[in-house]
Amino acid sequence: MTARSDSGPVTRFAPSPSGHLHVGGARTALYSWAFAKGRGGTFIIRIEDTDQKRSSDAASVGFLKDLDWLGIRWDEGPEYVAPDGTRVGGGANGSYFQSERLAIYDRYFAQLLAEGKAYEAWDSTEELDALRKEATARKEAFRYRFRGTPSAEDIARYRAEGRQPVVRFRTPQVPITIQDEVLGDATLPAGEVDDFVIRKKDGFPTYHFAVVVDDELMRVTHVLRAQEHFTNTAKHMVLQDALGFRRPTYGHLSIIKNPDDSKMSKRDKDKVLRKAVKEKALTAPPEGTVTIEEWTKWLGDDNVQLDLEGAIRLAEALKVQLPEINVDDFRRSGYLPETICNFLALNGWSPGHDIEKFDNEFLKERFSLDRVIKTPAKFDRVKLLAFNTDAINAMSREDFLRRGREHAAVFRPEYLEKLGSARFDLLLHASHERSKTLDDPFKTNGFLLVSDDALAFSDDKNVRKALSVGALAADGAKSGLEHLRAMRGVLAALPEWTQPALEAAANAYAAEHAAGKIGSVAQPLRIAVSGSTVSPPIWETLVLVGRDASLARLERCIAWASGLG
RNA sequence: GGCCCCAUCGUCUAGCCUGGUCUAGGACACCUCCCUUUCACGGAGGUAACGAGGGUUCGAAUCCCUCUGGGGUCACCA
């Protein structure tokens, strides 16, 4: 924990712990962090777990882990031990979990009630729904107004019925000007804000109340949050006035959208799966994906979401790509945290001067609210991939090796087990320059994991071309299949199975039998050991597959290709 | 529907506040060519935008108005 400096700004990121940290939230956190840290201020994490039904401890920890992975560390907030052993969080303004601050909120409820600035309301859900319907019928927005104080008898009756009151704020009927550093000022006409609930019947504060109290008590000076909160700010401002609190400076960030203009949402993954299931007209879950019960429940209700592991298994079985939505999805896909931060920073902010590539240090130095873009941006995964490719290409061999190992340890342990450390390192080296993500060495080289007799040769245009190209040539050159037959003997006779030895032998053969065109020999070999026309460089690939396996695959490929029409 | 906000290449954006240097710059994508044992990488070039209409002005992407389009919000969720 760092000592709080009184001079700098104080910002906070206040997620509600349900689900995972998604890219929009990550960007809000990044901006908040950069704004405070670039000005000698304090960055706080606060967990807004006032919705008992939706909040979970696991989700809280997940948020902290994702934030830490991105390189965003907080000066105050939940205590967390990073993988490198650093202790993060703590602080003198806790608890940083709203569910542990109930006594604090109660004091302020009492104050407002005593001053007549808030009142208890006993309306039932049904009564409220009826009022809402009426408003809709009149084509008006529903706004709750003080409906009179119930008599002592009424209250006694409600109590007997088991009703619990909520506390509503008596909103002054005056125009309210929202001051926003990003969007500029906006004035809401008098009466726009209704008497909103500040304490739920379970005794928990609503978001509006807790956020106002906590921001004051934690001395937050700048609030950066999603644009969906813009209108809420009016509520927060009238509350601050009633409570005698200071007003933080606000900045509302535009939402991040999918390329098809829909709002990025965690449901997007289920959408892709539902579509695939429908297209394939599946009636039962593929073997080893999800249970029949999960399957039935999921397909029976659009609101039910598959758990992540199940969704991943199903996506693999259906051969569809799940869209990355959450920070952890991008991590799993092999994106670098520095790339995610860089790209996210650029999605809604720009340093100007055509600068695009920068790190969090730069962002910290340069970030300012007046350069935040007001328009919703589409999240372009293609450009993100390009950024990640550049970052990976710029990495040293050693860094790529180290980070590839770290990635595999978490997401691809089977490669480490199957290949052993020497061949695993060779795989990374051989894949580095053609990798766009840390996952590419594994994602694109699944043939290394399958057993020799299970390797499937793909019967496509490129394969056929490579195997028969010579036969089609007019000069009587040999076909790829013939090269393969010949190479079987050449390779089997090799005293050692190393890249230089393999290359030398193949070159010698090609000089004599393929007019020096090594490609007409390399491609058939590639097909034989990998099953397709795409793999790391061929000599490395042969070493990765290994001598015995390569020869066995060669044999199978010759048999397979001989049967091709 | 009420209220609020926004509007530059397909996409992310620079420029707008402080009108002229904008025949509108960069990046990703796309197209062409080069390199190449596959796939990638890389190199050279190219296509591509100020939503529409009115003003103001000698001059508007930049200032004003209208329209159109987009977004947010209208919960005892945050």
Side-chain angles (χ1 to χ4, degrees), chain A residues 14-18 48-51 53-55 98 121 123 125 128 132 135-136 138-144 164-168 178 180 183-184 186-189 191-194 196-202 204-208 210-211 225-232 234 252 254-255 257 259 261 263 343 346-357 370-371 373-380 382-387 389-390 392-393 431-436 440 444 462 466 503 506 510 517-523 525-527 530 532-539 541:
Chain A
S16 93
S18 67
E48 310 223 319
D49 52 354
T50 52
D51 186 338
K53 288 188 289 293
R54 298 196 203 186
S55 303
Q98 289 186 327
D123 314 85
T125 311
L128 254 16
R132 238 174 239 123
T136 313
R138 288 195 306 268
K139 291 194 180 296
E140 280 171 18
F142 171 64
R143 294 189 194 83
Y144 188 97
Q164 294 289 329
V166 299
V167 175
R168 284 181 182 270
I178 300 172
D180 187 294
L183 299 174
T187 301
L188 261 39
E192 261 306 302
V193 180
D194 71 351
F196 53 97
V197 174
I198 56 177
R199 191 181 69 184
K200 302 184 258 189
K201 69 178 176 211
D202 65 4
F204 274 62
T206 58
Y207 162 73
H208 302 115
V211 87
R225 45 157 58 148
Q227 214 170 67
E228 64 199 61
H229 289 300
F230 186 70
T231 329
N232 287 337
H252 290 92
S254 61
I255 61 156
K257 296 191 293 179
D261 268 331
K263 193 174 171 180
F343 188 71
L346 224 39
N347 229 273
W349 178 79
S350 156
H353 305 289
D354 295 338
I355 299 171
E356 278 205 316
K357 299 291 177 66
D370 58 1
R371 293 193 67 89
I373 285 108
K374 307 176 182 187
T375 324
K378 287 178 194 167
F379 192 80
D380 185 356
V382 178
K383 184 162 181 174
L384 205 216
L385 221 212
F387 268 47
T389 306
D390 288 348
I392 285 199
N393 284 349
S431 310
H432 186 176
E433 62 179 6
R434 75 207 69 245
S435 286
K436 300 182 170 194
D440 279 0
T444 59
N462 291 335
E503 185 168 5
K517 293 195 139 191
I518 193 67
S520 57
V521 178
Q523 272 309 77
L525 283 175
R526 193 187 308 282
I527 293 163
S530 77
S532 82
T533 52
V534 180
S535 86
I538 185 62
W539 321 123
T541 303

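Computed over heavy atoms, backbone and side chain alike; hydrogens, waters and symmetry mates excluded. Chain A is the first sequence line, chain B the second, and so forth, proteins listed ahead of strands; every chain is numbered from 1. Computed from a prediction, not measured in an experiment: that's the story for all the values here.
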Send over the distance from A/L183 CG to B/C3 P, rounded to a whole Å.
-> 19 Å

Please work out if A/P15 contacts a base, only the sugar-phosphate, or nothing of the nucleic acid, heavy-atom cut-off 4.0 Å.
-> nothing

When rounded to the nearest 0.5 angstrom, what distance separates OG1 in A/T444 from CZ in A/R434?
-> 9.0 Å

Watson-Crick or G-U wobble partner for B/U38, using a 3.5 Å limit on both distances?
-> none

For B/G45 versus B/A52, give the span between their P atoms, rounded off to a whole number of Å.
-> 32 Å

Using a cut-off of 4.0 Å on non-hydrogen atoms, how would the nucleic acid contact of A/K383 be classed: base, sugar-phosphate, or nothing?
-> base

Given B/C4, B/A27, B/A29, the nucleotide with the shortest approach to the side chain of A/F387 = B/A27

State which of B/U37, B/C77, B/G2 makes the closest approach to the side chain of A/R54.
-> B/C77

Given RNA chain B, 5'-ward residue of the pair A/I255 and A/R168, judged by closest heavy atom = A/I255

Partner of B/U57 under the Watson-Crick or G-U wobble criteria, both distances under 3.5 Å, comes out as none

Please state whether the base of B/G72 and the side chain of A/E228 form at least one donor-acceptor pair under 3.5 Å?
-> no

Describe the nucleic acid contact of A/L525 in one word from base, sugar-phosphate, nothing, applying a heavy-atom distance below 4.0 Å.
-> nothing

Identify which nucleotide among B/C3, B/C76, B/G71 has an atom closest to any side-chain atom of A/L188, counting heavy atoms from C-beta outward.
-> B/C3

Decide yes or no for A/T375 and A/S254: does some side-chain heavy atom of the first lie under 4.5 Å from some side-chain heavy atom of the second?
-> no

Carboxylate-amine/guanidinium contact A/D51 A/R54, below 4.0 Å | yes

Under 4.0 angstrom, heavy atoms only, what part of the nucleic acid is A/V166 near: base, sugar-phosphate, or nothing?
-> base

P spacing across the pair B/A61 / B/G19, given as an integer number of angstrom = 14 Å

Rounded P spacing from B/U47 to B/G55 in Å | 34 Å

Would you say a side-chain N or O of A/T50 is under 4.0 Å from OP1 or OP2 of B/A78?
-> yes

Considering only atom P, compute the distance from B/C64 to B/G70 and round it to an integer number of Å.
-> 24 Å

C1'-based separation of B/A49 from B/G2 [nearest Å] | 34 Å

Integer-rounded Å distance: B/C9 P and A/D354 CG | 17 Å

Does B/C16 fall in syn (glycosidic angle within 90° of 0) or anti?
-> anti

At under 4.0 Å between heavy atoms, what does A/K201 touch on the DNA or RNA strands: base, sugar-phosphate, or nothing?
-> base

For B/G2, which nucleotide is its Watson-Crick or G-U wobble mate, given both distances must be under 3.5 Å?
-> B/U73

Nucleotide forming a Watson-Crick or wobble pair with B/U11, both distances under 3.5 Å | B/A27

Looking at A/R132, does any N or O in its side chain come under 4.0 Å of the phosphate oxygens OP1/OP2 on B/C76?
-> yes

Does B/U32 pair with anything, Watson-Crick or G-U wobble, both distances under 3.5 Å, and if so, with which nucleotide?
-> B/A44

What is the distance from CD1 of A/I355 to P of B/G26, rounded to the nearest Å?
-> 15 Å

Looking at A/R371, does any N or O in its side chain come under 4.0 Å of the phosphate oxygens OP1/OP2 on B/G15?
-> yes

Base, sugar-phosphate, or nothing for A/T375, non-hydrogen atoms under 4.0 angstrom?
-> sugar-phosphate

May I ask you to verify whether the side chain of A/R434 and the base of B/U38 hold a donor-acceptor pair under 3.5 Å?
-> yes

Mind checking the P distance from B/A27 to B/C65? Whole angstroms is fine.
-> 36 Å

Under 4.0 Å between any heavy atoms, over every strand shown, what does A/Q227 touch: base, sugar-phosphate, or nothing? Just pick one.
-> sugar-phosphate

Distance between P atoms of B/U62 and B/G54 (Å, rounded) | 14 Å

Please work out if A/I527 contacts a base, only the sugar-phosphate, or nothing of the nucleic acid, heavy-atom cut-off 4.0 Å.
-> nothing

A/F343: partners by ring pair (Phe, Tyr, Trp, His ring centres under 6.0 Å), with sequence neighbours left out = A/F379, A/F387

Quantified in whole Å, what is the C1' atom distance between nucleotide B/C6 and nucleotide B/C50?
-> 16 Å

Comparing A/A386 and A/E48 on RNA chain B - which has the more 5′ nearest nucleotide | A/A386

Counting just side-chain N and O atoms, does A/K374 come under 4.0 Å of either OP1 or OP2 of B/G71?
-> no

Side-chain N or O of A/K200 closer than 4.0 Å to phosphate OP1/OP2 of B/A75 = no

NA contact type, A/S350, heavy-atom cut-off 4.0 Å: base, sugar-phosphate, or nothing?
-> sugar-phosphate

